[in-house]
Amino acid sequence: PITKADLFALGLTGGTDSAARRQALLKALELGVYDHIAGDGREYVIIDTAGMRRKGRINEPAEHYSVSRSLNAIDRCDVAVLVIDASAGIIEMDKKIAGYAHEAGKGLLIVVNKWDLPEKETNTMAKFEEDIKEELAFASYALTLFVSAKTGQRCSKILPLVDFISEQHSRRLTTAQLNEVLREAIALNPPPTDKGRRLKVLYATQVGVKPPKIVIFLNNPEIMHFSYARYLENKIREAFGFAGTPISLLWRKREQEEQ
């Protein structure tokens, strides 16, 4: 039987006039909108987000409802699948959707559909991936998959990747694991000083999942610089992965824990 822990929501989202390509993708996966399927011990809840158009075109109640429904679907899911049209590139609404999923702490898989259409050169895929990383720099952890719903190319890889991201999204580390990585990171690159005050990174513990939430205790959180915070996050990702999911680092003064 499928347990509650095996159940997670998958949101399928897309940008301008995306309903047709999302429906084609669902068809290629042999899934139906608002369908439940079981496979490999998991049940997938497929949430169709009804499409989202450019802000300037949202001028009717139906469109407002569509956007609201899309955002609600992202709120309800654990892993959002953002469908990008390869022939159109990354549009503004794609960035807005990815940003909403990021802020909501959701796992994120970027599916570039219609990959059968562009003319290919040696570095076509790598260049497109670079464009995604640049345009969606805030979600650099997201995984990317190039597919064609029309031909079925790589569509079979979507659900396994969703499984993987879901596992990363709900991954829990021990305090010992975290602090070993922190000690190594600090030894390689000690915390900087600020006006003669030295930042001390004391210890860390994970306090939540979906997304992973890690509290790091410091002597003075006010002098934690964003560049060193990014360095610590990168070291945690290098050690443990967390591919496809944001992680939340919370900075706390040690006395707060003792109180």
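Sequence positions, counted from 1, serve as the residue numbers for this chain. FYI, side chains are in, hydrogens and waters are out, and symmetry mates aren't considered; it's all heavy atoms of this structure. Computed from a predicted structure; not experimentally measured.
With sequence neighbours left out, the ring-ring contact (aromatic ring centres under 6.0 Å, His included) criterion links Phe242 to no other residue. Applying the side chain to side chain contact (heavy atoms under 4.5 Å, CB included) test to Glu130 and every residue at least two apart in sequence or in another chain returns Lys127. Taking Gln206 as the reference, Arg172, Leu173, Leu178, Val209, Pro212, Ile214 meet the side chain to side chain contact (heavy atoms under 4.5 Å, CB included) condition, with sequence neighbours excluded. Under the rule for a side chain to side chain donor-acceptor pair (under 3.5 Å), the partners of Glu233 that lie at least two apart in sequence or sit in another chain are Arg237. Residues that satisfy the side chain to side chain donor-acceptor pair (under 3.5 Å) test with Asp116, not counting sequence neighbours, are Ser148. Scored by the salt bridge (charged side-chain N to carboxylate O under 4.0 Å, His left out) test, Glu238 finds Lys235 as partners (sequence neighbours excluded). Residues meeting the side chain to side chain contact (heavy atoms under 4.5 Å, CB included) test with Ala229, sequence neighbours left out: Met224, Trp251. For Glu135, the side chain to side chain donor-acceptor pair (under 3.5 Å) criterion is met by Lys95, not counting sequence neighbours. Qualifying side chain to side chain donor-acceptor pair (under 3.5 Å) partners for Thr205, counting only residues two or more places apart in sequence or in other chains: Thr175. The side chain to side chain contact (heavy atoms under 4.5 Å, CB included) search around Ser170 returns Lys210, not counting sequence neighbours.
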Exercise answer: donor-acceptor pairs, residues 138-147 side-chain atoms, under 3.5 Å, sequence neighbours excluded:
residue, atom, partner, partner atom, Å
Tyr141, OH, His102, ND1, 2.7

Can you give each donor-acceptor pair under 3.5 Å made by side-chain atoms of residues 190-199, sequence neighbours left out, with the distance rounded to 0.1 Å?
residue, atom, partner, partner atom, Å
Asp194, OD2, Arg197, NH2, 2.8
Arg197, NE, Asp194, O, 3.4
Arg198, NH1, Pro191, O, 2.3

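Summarising the local packing, NZ of Lys133 is surrounded by more than 12 heavy atoms from other residues, nucleotides or ligands at distances under 6.0 Å.
Put simply, CG on Leu249 and CZ on Arg230 are 10.0 Å apart, with the number rounded to the nearest 0.5 Å.
Taking each heavy atom of Leu109 and Leu161 in turn, the nearest pair found is CD1-CD1, 4.0 Å. Between Lys114 and Ser87, the shortest heavy-atom distance links the atoms CD-OG, 4.2 Å. The nearest pair of heavy atoms linking Phe217 to Lys253 is CD2-O, 3.9 Å. Of all the heavy atoms in Gly107 and Ile165, the pair that sits closest is CA-CG2, 3.9 Å. Heavy atoms only, all atoms of each residue included: Ala80 and Ala101 are closest at CB-CB, 4.2 Å. Nearest approach of Ile236 to Ile247, heavy atoms of both residues: CG2-CD1, 4.2 Å.
Checked by atom type, the side-chain pair Tyr228/Asn189 shows no donor-acceptor distance below 3.5 Å.
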